[in-house]
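Some notes on the structure that comes next.
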Amino acid sequence: MISGAVYTTPSFTTILSGLFPFQHGVRDPRSRLHPTVGMLPEWLRAGGYHTAALVTGPPVPEPGTARGVDRRAPPRTAELPPPRVRRAP
């Protein structure tokens with residue numbers, strides 16, 4: 001896999017829009033998503049789905065990439081079961 005950018009925000013915007021950073025306009029953490037760019041959560045909502053984003057890390061200014069997301073929340077890692085590790089014989 002090749003990343004569209006070195007920062008997380010432009011890379012996730014590329015994944016959720018299907019466009020490269022030069023097309024969607026988010027090139028660094030301070031960039032804003034162009035209002036005409038469609039995002040996967042918007043398309044899912046239009047199809048009758050509910051969407052959620054589990055967000056980690058420090059809060060950053062919203063670049064518009066959460067459009068169509070019904071709920072944003074931190075992941076509940078305390079409620080996750082421990083990973084299952086298979087030990088080699």
Side-chain angles (χ1 to χ4, degrees):
M1 174 176 230
I2 298 173
S3 176
V6 296
Y7 296 108
T8 302
T9 303
S11 295
F12 269 60
T13 305
T14 293
I15 292 168
L16 294 177
S17 70
L19 301 172
F20 290 106
F22 74 89
Q23 295 170 307
H24 57 63
V26 180
R27 297 182 183 200
D28 60 54
R30 292 178 185 88
S31 298
R32 303 279 309 157
L33 180 65
H34 194 277
T36 61
V37 174
M39 298 290 283
L40 179 61
E42 293 177 301
W43 302 324
L44 291 171
R45 179 187 279 175
Y49 290 89
H50 295 282
T51 60
L54 302 178
V55 183
T56 61
V60 295
E62 174 55 56
T65 56
R67 288 194 319 237
V69 174
D70 296 316
R71 183 171 178 237
R72 291 180 63 161
R76 297 184 194 136
T77 54
E79 295 178 15
L80 295 176
R84 298 171 108 189
V85 179
R86 279 179 67 182
R87 306 237 184 253

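- Each of Leu16, Thr9, Ile15 was checked for a side chain to side chain contact (heavy atoms under 4.5 Å, CB included) with Thr13, and the lone residue meeting it is Thr9.
- Residues Val26 and Trp43 share a single hydrophobic cluster, defined by chaining ILVMFWY side chains whose heavy atoms lie under 4.5 Å apart.
- Between Tyr7 and Arg27 the shortest side-chain heavy-atom distance does not fall below 4.5 Å.
- Once rounded to the nearest 0.5 Å, the distance linking OG of Ser17 with NE2 of His34 reads 13.0 Å.
- Without hydrogens or angle criteria, Thr14 side chain to Phe20 main chain gives no donor-acceptor distance under 3.5 Å.
- Note that CZ of Arg67 and CD of Glu42 are 4.5 Å apart. Values are rounded to the nearest 0.5 Å.
- When hydrophobic clusters are built by joining Ile, Leu, Val, Met, Phe, Trp and Tyr residues whose side-chain heavy atoms come closer than 4.5 Å, directly or via intermediates, Leu40 is not grouped with Phe12.
- Here the side chain of Ser31 pairs no donor or acceptor atom with the backbone of Pro10 at under 3.5 angstrom.
- Note that CG of Asp70 and CZ of Arg45 are 4.5 Å apart. Values are rounded to the nearest 0.5 Å.
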